[in-house]
Novice: 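Before I ask anything, let me first share the structure, which is written out below as structure tokens.
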Amino acid sequence: MLLAYELEKGTERELKSLAAALGHQVKMVSSSNYGEPLGYVAGITGFKKTNAKDTGEKIGSEMLIFCGLDSEAMDALLAALRERKLRIPLKAVVTPYNIQWSSRMLYEELKKEHESMTAMKNSPQ
């Protein structure tokens, strides 16, 4: 399962097509669920809706979260994304460490990491 956030329509169509060809589902996550645990959003057994308070505002960036994919499936999916030039800058995997996090918490962490990596990449050697 892929959790997708705020994708442009063209990107959404391409991702859904690519995912279906590889046997994966894409769930478009609405901002009303940004405060819920990733486990709940992904439909993982044992996770319930918490009705956690959240701003309800959009996060402002496309984001893709991988749930339950083994390394082979992940490699194939990432290769297909590159091949189709589908650029979604913020990507993560649901792990035992972040499964309780809200989508917004994960976004904030990914945003920091992305900014840090971009700064390192653009700094003179």
Side-chain angles (χ1 to χ4, degrees):
M1 156 98 51
L2 307 174
L3 301 177
Y5 298 77
E6 300 182 22
L7 300 184
E8 292 181 12
K9 286 296 176 195
T11 303
E12 180 181 339
R13 270 192 310 277
E14 277 284 313
L15 179 64
K16 285 180 174 179
S17 170
L18 175 130
L22 295 173
H24 304 295
Q25 286 184 303
V26 176
K27 177 179 182 180
M28 297 303 298
V29 181
S30 71
S31 59
S32 63
N33 281 317
Y34 286 4
E36 297 298 332
L38 290 172
Y40 168 78
V41 176
I44 297 171
T45 303
F47 288 88
K48 295 183 179 5
K49 187 171 181 67
T50 63
N51 295 313
K53 297 274 188 221
D54 186 69
T55 64
E57 295 175 13
K58 293 186 177 274
I59 55 177
S61 180
E62 294 180 315
M63 183 168 75
L64 187 60
I65 311 299
F66 305 97
C67 310
L69 277 66
D70 62 25
S71 61
E72 187 177 310
M74 178 78 71
D75 289 345
L77 187 55
L78 291 171
L81 287 169
R82 279 190 299 274
E83 186 178 296
R84 290 196 187 186
K85 294 181 176 42
L86 257 170
R87 181 158 158 60
I88 301 170
L90 302 180
K91 294 184 223 43
V93 175
V94 172
T95 68
Y97 178 73
N98 67 18
I99 198 166
Q100 295 283 351
W101 291 13
S102 69
S103 296
R104 189 165 308 278
M105 286 174 62
L106 182 58
Y107 164 75
E108 292 297 335
E109 186 64 27
L110 287 176
K111 183 175 143 189
K112 282 186 231 169
E113 287 177 14
H114 183 70
E115 288 169 355
S116 176
M117 296 293 283
T118 301
M120 284 176 29
K121 187 175 164 183
N122 294 332
S123 70
Q125 298 295 325

Novice: May I have all residue pairs that pass salt bridge (Lys or Arg N to Asp or Glu O under 4.0 Å) and include part of residues 34-51, sequence neighbours excluded?
Specialist: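 Applying salt bridge (Lys or Arg N to Asp or Glu O under 4.0 Å) to every pair that reaches into residues 34-51, excluding sequence neighbours, yields E36-K49.
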Novice: Under the criterion side chain to side chain contact (heavy atoms under 4.5 Å, CB included), I'd like the reasoning laid out for S102 against L38: C-alpha separation, chi angles, the key distance, then a yes or no.
Specialist: CA-CA 6 Å; S102 69; L38 290 172; over 6 Å; no
Novice: Among residues at least two apart in sequence or on other chains, which ones pass side chain to side chain donor-acceptor pair (under 3.5 Å) with S17?
Specialist: none
Novice: Test: salt bridge (Lys or Arg N to Asp or Glu O under 4.0 Å). Region: residues 85-102. Which pairs qualify, not counting sequence neighbours?
Specialist: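 Salt bridge (Lys or Arg N to Asp or Glu O under 4.0 Å) check on residues 85-102 returns no pairs.
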Novice: Under the criterion side chain to side chain contact (heavy atoms under 4.5 Å, CB included), I'd like the reasoning laid out for M1 against V94: C-alpha separation, chi angles, the key distance, then a yes or no.
Specialist: CA-CA 10 Å; M1 156 98 51; V94 172; over 6 Å; no
Novice: To the nearest 0.5 Å, how far apart are OG in S30 and NZ in K58?
Specialist: 9.0 Å
Novice: List, one per line, each side-chain donor-acceptor pair under 3.5 Å for residues 61-84, sequence neighbours excluded.
Specialist:
residue : atom : partner : partner atom : Å
E62     : OE2  : E8      : N            : 2.8
D70     : OD1  : E72     : N            : 3.2
D70     : OD1  : A73     : N            : 2.7

Novice: Which residue pairs satisfy the ring-ring contact (aromatic ring centres under 6.0 Å, His included) criterion with at least one member in residues 31-62, sequence neighbours excluded?
Specialist: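 Applying ring-ring contact (aromatic ring centres under 6.0 Å, His included) to every pair that reaches into residues 31-62, excluding sequence neighbours, yields Y5-Y34.
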Novice: Once you round to the nearest 0.5 Å, how far does CG of L90 lie from NZ of K111?
Specialist: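 Rounded to the nearest 0.5 Å, the CG-NZ separation comes out at 9.5 Å.
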Novice: Taking the side chain as everything from C-beta on, heavy atoms only, tell me whether P37 gets closer than 4.5 Å to T50.
Specialist: yes
Novice: Who pairs with M28 by side-chain contact (heavy atoms from CB on, under 4.5 Å), at least two apart in sequence or on another chain?
Specialist: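 With neighbours one apart ignored, the set is A4, L7, E12, K16, V26.
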Novice: I need the L18 CG to L86 CG distance, nearest 0.5 Å.
Specialist: 6.5 Å
Novice: Could you report the tightest heavy-atom contact between L15 and L2, atom names first, then the distance?
Specialist: CD1-CD1, 4.1 Å
Novice: Going by ring-ring contact (aromatic ring centres under 6.0 Å, His included), name the pairs with one or both residues in residues 83-106, residues two or more places apart or in two chains.
Specialist: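 For residues 83-106: Y97-W101.
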Novice: Which residues satisfy the side-chain contact (heavy atoms from CB on, under 4.5 Å) test with T45, sequence neighbours excluded?
Specialist: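 side-chain contact (heavy atoms from CB on, under 4.5 Å) check on T45 returns nothing, list empty.
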Novice: Could you give the distance from CD (Q100) to OG1 (T95), rounded to the nearest 0.5 Å?
Specialist: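 Taking CD in Q100 and OG1 in T95, the distance rounds to 11.0 Å.
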Novice: I'd like to check the side-chain contact (heavy atoms from CB on, under 4.5 Å) partners of E113; sequence neighbours left out, ordered by chain and number.
Specialist: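 E113: side-chain contact (heavy atoms from CB on, under 4.5 Å) contacts with E109, L110.
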Novice: To check you understand the geometry: which heavy-atom pair defines the closest contact between E6 and G60, and what is its length?
Specialist: OE1-N, 2.8 Å
